[in-house]
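Per chain, numbering begins at 1; letters A, B, ... match sequence-line order. Just so it is clear, the model here is predicted, and its values are computed rather than measured.
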Number of protein chains: 2
Amino acid sequence: MNREAFSAIVRQSSLFRSINAANFALLMENGILRSVEEEAFFFMQGDPTTHVYVLCRGRTRLLQYTPNGQQIILRLITPGQTFGGIALLQPSSGYPVTAQAIEDSIAMGWEARFLQKLAEKEPSISLNILQLMHHYVLELQERQRALIAERVEQRIARILLKLAAQFGQKTDQGILINFPLTRQAIAEMCGTTLFTVSRTLNEWERKGLLDIGREKVVILQPHGLVEIAEGIN
Amino acid sequence: MNREAFSAIVRQSSLFRSINAANFALLMENGILRSVEEEAFFFMQGDPTTHVYVLCRGRTRLLQYTPNGQQIILRLITPGQTFGGIALLQPSSGYPVTAQAIEDSIAMGWEARFLQKLAEKEPSISLNILQLMHHYVLELQERQRALIAERVEQRIARILLKLAAQFGQKTDQGILINFPLTRQAIAEMCGTTLFTVSRTLNEWERKGLLDIGREKVVILQPHGLVEIAEGIN
DNA sequence: AAAAGTCTTTGCGCTTGCGCAATGTAGATG
DNA sequence: CATCTACATTGCGCAAGCGCAAAGACTTTT
């Protein structure tokens, strides 16, 4: 467990990048490390909001369950990103989402009370949280717009482009989405079924836009996807 | 222009209800009143974020436009509610929504800079903003869930129940939604078309759940709507 | 009272994309 | 290597709900 390396990640995280050295030292003293295995949970929807986390290693996803058991993937967390920030709110009614590790993950976490006190000394923390929530609001509004106004095709294209931006790896053929990505997972990100995703991706492969495989997507013609996402047909 | 009455509304608004008397006085000195006629705008999506508002009179809606001109009604603002709070964020990239008066409206507004300074003296303002954004996030997540997992019928039922909670007026027959509500508006709140809304409402009237008219909805059997919203069919 | 404007209803056709079942395939496991 | 398991494809049928056009009803204006 390389606490040094993790410390560097926390130092640059969007939540704490602007705090001073003394407070950062405090942060390191009071943070706990949590290791969570693939498929296991940091917390589940409804759990009491005890901790705020910064992911240090691995990949984690935030998701919601619908009453009928369907999952909605809200966002993917990579090292340096914050999750559970909602815990900072005073009267908090439980985490609004579930945080599940996609691969073995390690996060540093702080008790909400500790951070609340720290935030009094270091107001930038509150501001950063506000900033994070703002981004999240914009993301949700955008998704809602897409759900209402766009067809499944467009939404799938959008998700692929977004994943490419977040996890893309340039290869000589195109952009490999460096991420174990099942059809099911794609479907859960854009509100459709794995069947529709499968059909759509295969059609795009036939057109030469993609190169797909088991849990693999390579974008060959990003521009083509952009056109689909924008509804230019 | 009854500044006194407005002052009382601001005093109780979710944004400022917890600030001290001195700061409240400052607030009143520095606030401006903006009157906006029916259909006119407080601000539009993309406008620079200059002011934060608390609505004092009338009704206003927050909406988004899709690229193809479709509207999405995000939320209805009633007196005492805050809008444009996003302006408090430091590097802000324009209002993410449009604020349009549904009826002649008056709001008190403050320059973002002024409020930012006030927030340094009165941290509860930041906390309240955080709280507001949190509510908004929960609302958006809920809407997204509904859009993905529920059928139009359920979403319409949900919207009616929500409107009833916000604007409902008990009459001897049932709950009147005291609000000029076109089919088009309902459609824009739940991501469908006015045709589908019209058909659905008429079906429900036939079943005795509603009493509908031009821009009027009276809920006769709230429980029936709840059952539909919950998908108990 | 007529005309104009807005909101609403309704019929019809049709596309989208879901649901399910059966089958195929790649990688992991023993 | 055989087996198992998870993931992926594909065909078929179907329901939901959109889109449009036309007509009707209620308001407001002149």
Side-chain angles (χ1 to χ4, degrees), chain A residues 38-39 66 68-73 102-103 145-160 177 179-207 210-218 228-229 231 233, chain B residues 38-39 66 68-73 102-103 145-160 177 179-207 210-218 228-229 231 233:
Chain A
E38 188 173 329
E39 301 284 282
T66 68
N68 58 51
Q70 199 179 354
Q71 295 182 5
I72 301 174
I73 297 180
I102 300 174
E103 17 177 284
R145 194 199 53 69
L147 280 170
I148 291 177
E150 293 181 355
R151 300 208 255 111
V152 172
E153 237 192 359
Q154 293 178 270
R155 306 206 303 267
I156 296 175
R158 235 176 247 290
I159 287 290
L160 289 184
I177 293 176
F179 195 83
L181 197 59
T182 66
R183 307 289 180 265
Q184 176 70 35
I186 298 177
E188 283 167 4
M189 289 187 235
C190 59
T192 180
T193 62
L194 77 157
F195 307 104
T196 300
V197 171
S198 177
R199 274 182 258 269
T200 308
L201 295 191
N202 279 294
E203 191 190 320
W204 289 346
E205 187 173 48
R206 258 171 260 131
K207 287 185 185 168
L210 300 179
D211 172 20
I212 60 176
R214 188 189 169 88
E215 301 194 345
K216 183 196 79 169
V217 176
V218 181
I228 293 173
N233 278 323
Chain B
E38 188 173 330
E39 300 286 280
T66 69
N68 58 52
Q70 199 178 354
Q71 295 183 7
I72 301 172
I73 297 180
I102 299 175
E103 13 176 288
R145 194 198 55 67
L147 280 170
I148 291 177
E150 293 181 355
R151 301 207 255 111
V152 172
E153 237 191 2
Q154 292 179 268
R155 306 206 303 267
I156 296 175
R158 237 175 247 290
I159 287 290
L160 289 185
I177 293 176
F179 194 83
L181 198 61
T182 66
R183 307 288 181 267
Q184 176 69 33
I186 298 177
E188 284 166 4
M189 289 187 235
C190 60
T192 180
T193 63
L194 77 155
F195 306 105
T196 300
V197 171
S198 176
R199 274 182 258 268
T200 307
L201 295 191
N202 279 294
E203 191 189 320
W204 290 345
E205 187 174 46
R206 257 170 262 133
K207 287 185 184 166
L210 300 179
D211 172 19
I212 60 177
R214 188 187 170 88
E215 301 193 344
K216 183 196 80 169
V217 176
V218 181
I228 294 172
N233 277 323

**OP:** Any chance you could lay out the side-chain contact (heavy atoms from CB on, under 4.5 Å) test for A:I102 and A:E38, step after step, and finish with the verdict?
**Re:** CA-CA 5 Å; A:I102 300 174; A:E38 188 173 329; over 6 Å; no
Original post:
Hey, is the main chain of B:S198 close enough, under 3.5 Å, to the side chain of B:R183 for a donor-acceptor pair?
Top reply: no
**OP:** Sort and list the pairs that fulfil salt bridge (charged side-chain N to carboxylate O under 4.0 Å, His left out) and have at least one residue in residues 189-204 of chain B, not counting sequence neighbours.
**Re:** B:E203-B:K207
**OP:** Tell me, please, the opening and closing nucleotides of DNA chain D, 5' to 3', among those with an atom under 4.0 angstrom from a non-hydrogen atom of chain A.
**Re:** D:dA6 to D:dC12
**OP:** Go through the structure and list residues passing side chain to side chain contact (heavy atoms under 4.5 Å, CB included) with A:L210, not counting sequence neighbours.
**Re:** A:L160, A:L201, A:W204, A:I212, A:V217, A:I219, A:L225
Original post:
Could you run down nucleotides 25-30 of chain C 5' to 3' and tag each one B, S or - for protein heavy-atom contact under 4.0 Å?
Top reply: -B----
Subject >> side chain to side chain contact (heavy atoms under 4.5 Å, CB included) partners of B:E215, counting only residues at least two apart >> reply: B:P180, B:T182
Solution key, residues 185-193 of chain A side-chain donor-acceptor pairs under 3.5 Å, sequence neighbours excluded:
from   : atom 1 : to     : atom 2 : distance (Å)
A:E188 : OE2    : A:Q184 : NE2    : 2.8
A:T193 : OG1    : A:T196 : N      : 3.3
A:T193 : OG1    : A:T196 : OG1    : 3.2

Original post:
Over its full length, what angle do the end axes of the helix from C:dA1-D:dT30 to C:dG30-D:dC1 make, each axis taken from five pairs and the result rounded to 10 degrees?
Top reply: 30°
**OP:** Not counting sequence neighbours, which residues clear side chain to side chain contact (heavy atoms under 4.5 Å, CB included) with A:T66? List them please.
**Re:** A:N68, A:Q70, A:I72, B:R145, B:A149
Original post:
If you measure from CD1 on A:I228 to CD on A:E153, what distance do you get to the nearest 0.5 Å?
Top reply: 5.5 Å
**OP:** Report yes or no: does A:E150 contribute a side-chain atom to a donor-acceptor pair with the main-chain N or O of A:L147 at less than 3.5 Å?
**Re:** no
Subject >> Nucleotide C:dG17, atom P - distance to CD1 of A:I186 in whole Å >> reply: 16 Å
**OP:** For A:F179, enumerate each residue passing the ring-ring contact (aromatic ring centres under 6.0 Å, His included) test, keeping only those at least two apart in sequence or located in another chain.
**Re:** A:F167
**OP:** Would you give a per-nucleotide map of nucleotides 9-16 of chain C, 5' to 3', where B means the base has a protein non-hydrogen atom under 4.0 Å away, S means only the sugar-phosphate does, and - means neither?
**Re:** BBBB----
**OP:** Applying side-chain contact (heavy atoms from CB on, under 4.5 Å), run through B:I156 and B:V197 and close with a yes or a no.
**Re:** CA-CA 7 Å; B:I156 296 175; B:V197 171; 4.1 Å; yes
**OP:** For B:E205, enumerate each residue passing the salt bridge (Lys or Arg N to Asp or Glu O under 4.0 Å) test, keeping only those at least two apart in sequence or located in another chain.
**Re:** none
